[in-house]
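See structure below.
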Amino acid sequence: MNLSHFPNKFYWGNSTSSMQTEGAWNIDGKGPSVYDIRKAENNSTDWHVAIDEYHRYEEDLDLMQEMGMNMYRIQISWSRVNPTGNGEFNDKGIAFYDRLINAMLKRGIEPMICLYHFDMPLNLAQKKNGFMSRETVDAFVRFAKRMVDHFSDKVKYWITFNEHNLYFTNEVFNISGYESGNRSIDEMYQIFHHTILAHARVANYIHENYPDLKIGGMTAYTPVYPATSDPLDNLMANQVNEFLYNNLNDVFVNGEYSSQVMQWVKNHEIKMDIQKDDLATIKQTKSDFLAFSYYQSTTLNSHKVTNDALPNTYLESGGEINPYTQQTKWGWNIDALGFRNIITNLYNRYHIPVFPIENGIGLEEKWDGVHEIDDQVRIDYHHNHIKAMRDAINEDGAVVLGYLGWGLIDIPSSQGNMEKRYGAVYVNRSNHDLKDLKRIPKKSFYWFKKVFESNGDDLDE
């Protein structure tokens with residue numbers, strides 16, 4: 001095999017969430033989500049329009065097709081298809097996703113569906129406190145089963161929760177609309193367990209009823225290096241990696257929580273709300289692939305970790321910028337070798353296919369209305385990461401299903417900042433001015449086109 005080649009059946013594509021793309025927040029029967037009530041701030045937009053893909057998906061899919069993509073990972077907005085989260089389903093909302101998916105298939109773009117990307121239906125957030133409640137777990141499983149039943153003949157690849165390990169950090173209380181304020185350790189672990197149980201129930205349903213479908217678990221992978229050769233740095237970095245990554249992937253593949261994590265839970269008398277039959281349900285769970293997002297790595301200085309920190313929150317006080325890597329404006333380390341290490345280590349440990357379904361770099365860019373945006377920095381970033389992935393495949397023996405960039409048509413960032421752009425296509429709007437939402441290919445658009453259409457063969461040309 002020529003070491004420059006990728007597998008013949010390899011997916012190249014784009015990943016997004018519903019709230020960062022669709023807009024149309026209050027039409028065709030959509031119910032409110034926790035994002036819909038967020039107000040615009042100095043450095044962020046509200047979520048009412050995003051890039052208006054609800055009305056412009058044909059145009060965006062044409063751009064993806066022209067770019068050579070053969071997969072698009074979307075998210076189904078729970079409150080669009082079920083306005084209250086636990087009530088009647090909305091036929092108009094489901095019909096939108098029928099149109100979107102049919103338009104993908106018409107262009108030779110395979111859909112992947114993510115069922116939850118932090119946009120809790122507002123009704124469930126306010127009345128049930130989200131995934132604190134088992135009623136929300138039941139509502140999510142009901143929603144997921146309906147979507148799987150409806151789209152199973154068109155959609156082969158499925159994800160339950162986007163970046164599932166974020167439910168094991170304090171970030172869970174910010175990303176999912178839970179009430180602000182001090183939260184207990186027990187609440188964090190309970191929300192995490194409830195979402196794992198929900199994932200297991202959906203994954204088991206798919207495997208029992210649709211053997212041809214593929215479902216994977218997903219983590220937000222930011223590998224943690226010890227800041228120095230201090231053994232305590234190494235110990236704590238290993239603990240973070242075990243709690244935030246191995247613990248999740250052990251569940252996804254082997255149906256079991258990490259023994260180290262569970263011993264810590266026992267020693268600290270954490271109440272996770274593990275009830276009868278929960279662990280048996282989780283034990284049945286298998287993943288067909290391991291998915292993850294990757295943007296950066298980080299380092300941990302054990303001497304900065306506060307005494308009250310949990311292993312899964314060490315980075316909040318002990319994280320440090322790596323002096324051996326470059327950083328973005330937002331202080332994110334650029335580390336392509338970290339990407340290779342993740343892919344290789346995941347495959348070595350679990351021996352099931354690996355699928356990076358988010359990767360990219362956020363940059364500040366302005367279009368002058370005339371000239372092409374020269375985003376060579378983005379080209380360099382993706383070139384180095386795709387090359388690192390190729391090395392993981394050809395030199396390390398990892399099995400990789402594909403490579404999905406994040407937001408390759410500009411979308412608001414996860415914090416709602418339209419000025420932190422990840423795309424190869426510029427969308428003409430700012431945080432507070434919608435302008436005309438025109439789509440303008442950047443320099444990287446044509447670079448991606450060459451790489452994707454050649455199945456990676458033109459990467460180094």
Of all the heavy-atom pairs spanning [X] and [Y], show the shortest one and how long it is.
X: Met104; Y: Pro111; result: SD-CB, 3.6 Å
X: Trp12; Y: Gly456; result: CZ2-N, 3.8 Å
X: Arg349; Y: Asn246; result: NH1-ND2, 3.3 Å
X: Phe131; Y: His194; result: O-ND1, 2.7 Å

Aromatic contact between [X] and [Y], with the criterion being ring centroids under 6.0 Å apart: yes or no?
X: Phe161; Y: His117; result: no
X: Tyr167; Y: Phe192; result: no
X: Tyr294; Y: Phe339; result: yes
X: His193; Y: Tyr189; result: no
X: Phe118; Y: Tyr35; result: no

Check: [Y] and [X] side chains under 4.5 Å, non-hydrogen atoms:
X: Trp158; Y: Met112; result: no
X: Met389; Y: Ile393; result: yes
X: Ile334; Y: Ile361; result: yes
X: Gln75; Y: Met19; result: yes

**Prompt:** Does Lys450 pair with Asp457 as a salt bridge, N-O distance under 4.0 Å?
**Reply:**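 Result for this pair is no, no salt bridge flagged.
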**Message:** Tell me if a side-chain donor or acceptor on Asn417 pairs with a main-chain N or O of Ser413 at a distance below 3.5 Å.
**Reply:**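 A pair under 3.5 Å: no.
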**Asked** Under 3.5 Å, side chain of Ser293 to main-chain N/O of Glu358, donor-acceptor pair present?
**Response**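 Checking the backbone N and O of Glu358 against the side chain of Ser293, no donor-acceptor pair under 3.5 Å is found.
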**Request:** With rounding to the nearest 0.5 Å, note down the distance linking CZ in Phe292 to OG1 in Thr222.
**Result:** 11.0 Å
[X] [atom1]: over 12 foreign heavy atoms closer than 6.0 Å:
X: Lys127; atom1: NZ; value: no
X: Lys92; atom1: NZ; value: no
X: Gln275; atom1: CD; value: yes

How about [X] and [Y]: does a side-chain donor come under 3.5 Å of a side-chain acceptor?
X: Thr195; Y: His164; value: yes
X: Ser444; Y: Asp375; value: yes
X: Glu242; Y: Ser258; value: yes

**Message:** A cation-pi test, strictly: NZ or CZ of Arg421 under 6.0 Å from the centre of the six-membered ring of Tyr426 and no more than 45 degrees from its axis. Yes or no?
**Reply:** yes
**Message:** Is there a salt bridge (charged side-chain N to carboxylate O under 4.0 Å, His left out) between Lys283 and Glu256? Walk through the geometry before answering.
**Reply:** CA-CA 6 Å; Lys283 182 62 179 175; Glu256 296 178 342; 2.8 Å; yes
**Request:** Check each of Thr16, Val425, Val427 against Ile51 using the side chain to side chain contact (heavy atoms under 4.5 Å, CB included) test, and report the only one that passes.
**Result:** Val427
**Asked** Leu300 pairs by side chain to side chain contact (heavy atoms under 4.5 Å, CB included) with which of Asn241, Asn238, Val224?
**Response**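 Among Asn241, Asn238, Val224, the one that satisfies the side chain to side chain contact (heavy atoms under 4.5 Å, CB included) with Leu300 is Val224.
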**Message:** Can you tell me which residue among Arg107, Arg439, Lys106 is in a salt bridge (charged side-chain N to carboxylate O under 4.0 Å, His left out) with Asp62?
**Reply:** Arg107
**Complete:** Only residue of Arg429, Lys442, Lys420 satisfying salt bridge (charged side-chain N to carboxylate O under 4.0 Å, His left out) with Asp410 is Lys442
**Asked** In a check of ring pair (Phe, Tyr, Trp, His ring centres under 6.0 Å) between Trp332 and each of Tyr422, Tyr295, Tyr381, which one passes?
**Response** Tyr295
**Prompt:** Of Asn249, Asn254, Asp250, which is the lone residue that meets side-chain hydrogen bond (donor to acceptor under 3.5 Å, both in side chains) with Tyr350?
**Reply:** Asp250
**Worked verdict on Arg56 versus Glu22 for salt bridge (charged side-chain N to carboxylate O under 4.0 Å, His left out)** = CA-CA 9 Å; Arg56 305 180 69 143; Glu22 291 176 5; over 6 Å; no
Under 3.5 Å, which donor-acceptor pairs do the side chains of residues 396-406 form with other protein atoms, sequence neighbours left out?
unit_1 : atom_1 : unit_2 : atom_2 : d
Asp396 : OD1    : Arg340 : NH2    : 2.9
Asp396 : OD2    : Arg340 : NE     : 2.8
Asp396 : OD2    : Arg340 : NH2    : 3.4
Asp396 : OD2    : Thr344 : OG1    : 2.7
Tyr403 : OH     : Asn359 : OD1    : 2.5
Tyr403 : OH     : His382 : ND1    : 2.7

**Message:** Let's go through Asp391 and Lys387 carefully: what are the C-alpha distance in whole Å and the side-chain angles of both, what is the deciding distance for salt bridge (charged side-chain N to carboxylate O under 4.0 Å, His left out) to 0.1 Å, and is it a yes or a no?
**Reply:** CA-CA 6 Å; Asp391 291 342; Lys387 183 178 183 298; 3.5 Å; yes
